[in-house]
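Following: one structure in structure tokens, then a few remarks.
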Amino acid sequence: MLQLAPLMADEKERKTLEERHQMSDLERLRHSCAHVLATAVSRIWPDAQFAAGPPVEGGFYYDVDLEHRITPDDFEKIEAEMKKVVKENAPFERITVSRDEAMALAKSGRLASVAERDVESVFKVDLLNDIPEDEEISIFKNGDFWDLCAGPHVGRTGNCKAYKVMSVASAFYQGDKNNKSLQRIYGTCFKNKTMLEEHLERLEEAKKRDHRKLGREMGLFTFDDSVGQGLPLWKPKGGIIRRELQDFISAELDKQGYYQVFTPHIGKLDLYRTSGHFPYYEDSQFPPIVEREALKKLSDEGATCSDLMNHVSAGTIDGFLLKPMNCPHHIKIFDSEHRSYRDLPVRLAEFGTVYRWEQSGELGGLTRVRSFTQDDAHLFCTDEQLGEEIQQCLGLVKTVLGTLGMQDYGVRLSLRDPDSDKYVGDPASWDKAEAALREAIQTLGVEYTEEPGEAAFYGPKIDFVVKDVIGRDWQLGTVQVDYNNPERFDLSYIGSDNKPHRPVMIHRAPFGSLERFVGLLIEHFEGKFPTWLAPEQVRVLPISEKFSEAAQALVSELTEAGVRVKVDDTGDKIGAKIRLARMDRVPYLAVIGAREVEENSVSVRHRDQGDLGSISTNDFVSRIKEDISNRSL
RNA sequence: GCCGCUGUAGCUCAGGGGUAGAGCAAUUCACUCGUAAUGAAUAGGUCGUCGGUUCAAUUCCGACCAGCGGCUCCA
């Protein structure tokens, strides 16, 4: 295993070099702009030590180690210096050098710098050592700034016409938390000023769709300090959306032969010792709950906290865990009966709430929380049934995302990293499981990427990934194959040969978690939920208080028909009522005045389709009922 | 958890060593109105929390809490 490590690193390095040579024009421009940024920073702070400066989605960054802490106040100064560099219009010159020559430059501090220094270019020395023997080494010069770089670049610094320093953050050198923390300066660059302006405008627009902002404005969910960080509180309107989604999933489950079960939020530590969650994932769990009597006894003995922890780890005193997963509970339900091959597959589903001690710095909005509800299910089947079951699961995820109009997702086949020891189970089972998933995903005919090292500790998985408004990837739906837990829990069924066999397990969740899914759904719809999901589906707007009674009659009729309806009977003018209703993103507005009362009709205005004119009350009610039952978008 | 930034009314934000302001929202009253803002009045804040410096702190300093961006992590 140890011998594999350097090989893997080399392969990775080669891949990124290849990728660099395949840069798009825009990436080439942005990477060049990163050099312009570095030139400017190096001029302002000559002690700056640069690490890597690649193009990224939406721009570029350059990692720098620097005594001075760069703050947004410095951006203007940096941009002003960049402007000079651009104006000088120096060509980007590529020079091939020998390893020794490159090392000599790096040692004299000349790389990633505008001058020689009395310290070496530490990160460049390090990078040089990582370049494979047979790799050509190149240096790019723009004016006084020389950098170790594979390129490619644009012709001249003057090509970087439209750029902006966006933000500064910290990042570990080479992404390893044991390494030094560097300052990462983010910037962006476009072919021209117009495109840059448009990009910045899009970012502003995107922020308005942020689910954290909309969730508060629309009264969907909230957080409270005294409840705790990362513990979402679903308010009534958010609760409606959640319930509708659950009902939708439940209906699909009924069609596909699932059974819903209910299990407690806690389980004994031994359960998780068997599954492997405890103690291997202890850091990401809420601490165990220890029985009062055991605590009292230890305290009487004068035990310390570490004594307590030792006892818990050793299993000499018992405790409970807030469940980080639903699988062990479902496994115990499967195991509660003798199972014959005729019973399989057994499909157990639950909207199961789990608790994970995510790092505080990682929490945010609904997308990363400490308590969330999975639309979870575990399938127990035979080896022969596995392929078909996986495909059915993938089909369900597709149906669910399709119903909501979420077509813009990525599919990721997450495999184990053969170089890591975090996985449980034997390699043969892993190979089988990975092959089964790969086959299913290919049969499904969607594009996907294979990601070694992204698997769960108990098995490989297929994930559906969606971007949020600021471009971050989030895993939603998932289908995972597990040969390990059936082994660990010694599960069996009786086969047609009248002998016990080991079932295979599938973990799957089409939404992933309701919290994260709703977060991304808010952004997907910009808060304008389709009628079936909208917390308020119709708002009745009487022209004046004289028509309150007629409005109330319509409300009763709609409520009777199962429509979520409210009336705006304030003294506002109709224009103001419409404005408010639109800001609340209500799909249907029904205006009632003298004319409508006379005709027994309503004047209907749809959120997205505009004025629908005068519609008879009956037609209006049936139209909305249809809209809801079709779950139309 | 780490690095950085931020925290003033329900929301968006101004202000600033001598204990606070606007707009919107809310409440009340008047208006009874035809498709994106009718007018007036009222109320609303221990300036995130706890310490320190000071005659005096919301303002300066520190710790903590929370939010944001990124990193690391994500069974």
Practice item. Give a yes or no on whether A:Glu549 atom CD has more than 12 heavy-atom contacts from other residues, nucleotides or ligands under 6.0 Å away. Key: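 Not buried by this count: 12 neighbours or fewer within 6.0 Å.
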
Review point. Considering residues, nucleotides and ligands other than A:Gln609, do more than 12 of their heavy atoms fall under 6.0 Å from its CD?
Key: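 Counting other residues, nucleotides and ligands, CD of A:Gln609 exceeds 12 neighbours.
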
With a 4.0 Å cut-off on heavy atoms, is [X] in touch with a base, just the backbone sugar-phosphate, or nothing at all?
X	value
A:Tyr281	base
A:Ser275	nothing
A:Gly175	sugar-phosphate
A:Glu596	base

Between [N] and [M], how many Å separate the two [atom1] atoms, rounded to a whole number?
N	M	atom1	result
B:rU49	B:rG7	P	13 Å
B:rU8	B:rU12	C1'	12 Å
B:rC24	B:rA43	C1'	16 Å
B:rA25	B:rA66	P	33 Å
B:rC65	B:rG39	C1'	44 Å
B:rU38	B:rU32	P	15 Å
B:rU42	B:rC33	C1'	25 Å
B:rA36	B:rU59	C1'	41 Å

From [options], nucleotide with atom closest to [X] side chain:
X	options	value
A:Val591	B:rC74, B:rA75, B:rU35	B:rU35
A:Phe457	B:rC33, B:rA75, B:rC73	B:rA75
A:Arg184	B:rC71, B:rU32, B:rA75	B:rC71
A:Phe172	B:rC33, B:rC71, B:rC3	B:rC71
A:Ile543	B:rG34, B:rU32, B:rA75	B:rG34
A:Ala456	B:rA75, B:rG34, B:rC73	B:rA75
A:Arg605	B:rA75, B:rC33, B:rA36	B:rA36

If we count only N and O atoms by modelled type, under 3.5 Å, do the side chains of [X] and [Y] hold a donor and an acceptor together?
X	Y	answer
A:Asp376	A:His507	no
A:Asp627	A:Tyr588	yes
A:Gln285	A:Tyr355	no
A:Glu596	A:Ser614	no
A:Tyr458	A:Arg488	no
A:Asp468	A:Trp474	yes
A:Gln374	A:Asn326	yes

Review point. Taking a pair as Watson-Crick (N1 to N3 plus N6-O4 or O6-N4) or G-U wobble (N1-O2 and O6-N3), both under 3.5 Å, which stems of 3 or more consecutive pairs involve RNA chain B?
Key: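 Looking at RNA chain B, the stems formed by three or more consecutive pairs are B:1-7 with B:65-71, B:10-13 with B:21-24, B:26-30 with B:38-42, B:48-52 with B:60-64.
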
Check your understanding: Would you say the base of B:rC73 and the side-chain of A:Arg356 have a donor-acceptor pair closer than 3.5 Å?
Key -> no

Check your understanding: When you look at A:Glu27 and A:Arg30, which way does the salt bridge (Lys or Arg N to Asp or Glu O under 4.0 Å) test go after all the steps?
Key -> CA-CA 5 Å; A:Glu27 284 171 331; A:Arg30 286 172 174 171; over 6 Å; no

For nucleotides 62-69 of chain B, tabulate all protein N/O to nucleotide N/O atom pairs closer than 3.5 Å, reporting atom names and distance.
{"unit_1": "B:rA66", "atom_1": "OP1", "unit_2": "A:Gln229", "atom_2": "OE1", "d": "3.4"}
{"unit_1": "B:rG67", "atom_1": "OP2", "unit_2": "A:Gln229", "atom_2": "NE2", "d": "2.5"}
{"unit_1": "B:rC68", "atom_1": "OP1", "unit_2": "A:Arg212", "atom_2": "NH1", "d": "3.3"}
{"unit_1": "B:rG69", "atom_1": "OP1", "unit_2": "A:Arg212", "atom_2": "NH1", "d": "3.2"}
{"unit_1": "B:rG69", "atom_1": "OP1", "unit_2": "A:Arg212", "atom_2": "NH2", "d": "2.6"}
{"unit_1": "B:rG69", "atom_1": "OP2", "unit_2": "A:Arg212", "atom_2": "NH1", "d": "2.9"}

Point to revise | Sidechain N-carboxylate O distance under 4.0 Å for A:Glu217, A:Lys213 | key: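 Result for this pair is yes, salt bridge flagged.
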
Between [N] atom [atom2] and [X] atom [atom1], what is the distance in whole Å?
X	N	atom1	atom2	answer
A:Glu545	B:rU32	CD	P	10 Å
A:Gln480	B:rC74	CD	C1'	12 Å
A:Gln359	B:rG70	CD	P	15 Å
A:Glu67	B:rC3	CD	P	15 Å
A:Glu282	B:rG1	CD	C1'	16 Å
A:Gln183	B:rC2	CD	C1'	14 Å
A:Asp572	B:rC24	CG	C1'	14 Å
A:Glu451	B:rC73	CD	C1'	16 Å

Practice item. Please check if the side chain of A:Arg438 supplies one atom and the backbone of A:Ala436 the other of a donor-acceptor pair under 3.5 Å. Key: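 The answer is no, because no donor-acceptor pair under 3.5 Å joins these two groups.
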
Point to revise | A:Gln475 backbone acceptor or donor facing A:Thr478 side chain under 3.5 Å | key: no

Review point. Looking at RNA chain B, which of residues 575-584 of chain A put a heavy atom within less than 4.0 Å of it?
Key: A:Gly575, A:Ala576, A:Ile578, A:Arg579, A:Arg582

Review point. With ring centroids as reference points, do A:Tyr272 and A:Phe278 lie under 6.0 angstrom apart?
Key: no

Exercise for review: Answer with yes or no after comparing the ring centroid distance for A:His277 and A:Phe457 against a 6.0 Å cut-off, counting only values under it.
Suggested key: yes

Check your understanding: Start at the 5' end of RNA chain B and walk down; is the nucleotide closest to A:Phe547 or to A:Ser284 reached first?
Key -> A:Phe547

Review point. Listed by chain and number, what are the salt bridge (charged side-chain N to carboxylate O under 4.0 Å, His left out) partners of A:Asp473, not counting sequence neighbours?
Key: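 So A:Asp473 forms a salt bridge (charged side-chain N to carboxylate O under 4.0 Å, His left out) with A:Lys467.
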
Review point. For A:Glu451, which residues count as a salt bridge (charged side-chain N to carboxylate O under 4.0 Å, His left out) partner, sequence neighbours excluded?
Key: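 Applying salt bridge (charged side-chain N to carboxylate O under 4.0 Å, His left out) to A:Glu451 gives none.
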
Report, one pair per line, the protein and nucleotides 7-12 of chain B atoms (nitrogen or oxygen only) whose separation is under 3.5 Å.
{"unit_1": "B:rU12", "atom_1": "OP1", "unit_2": "A:Arg216", "atom_2": "NH2", "d": "2.9"}

Review point. Is there a side-chain polar atom (N or O) of A:Lys177 under 4.0 Å from OP1 or OP2 of B:rC73?
Key: no

Review point. Taking only N and O in the side chain of A:Lys573, is any of them less than 4.0 Å away from OP1 or OP2 of B:rG39?
Key: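 Checking B:rG39 against A:Lys573, no side-chain N or O comes under 4.0 Å of OP1 or OP2.
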
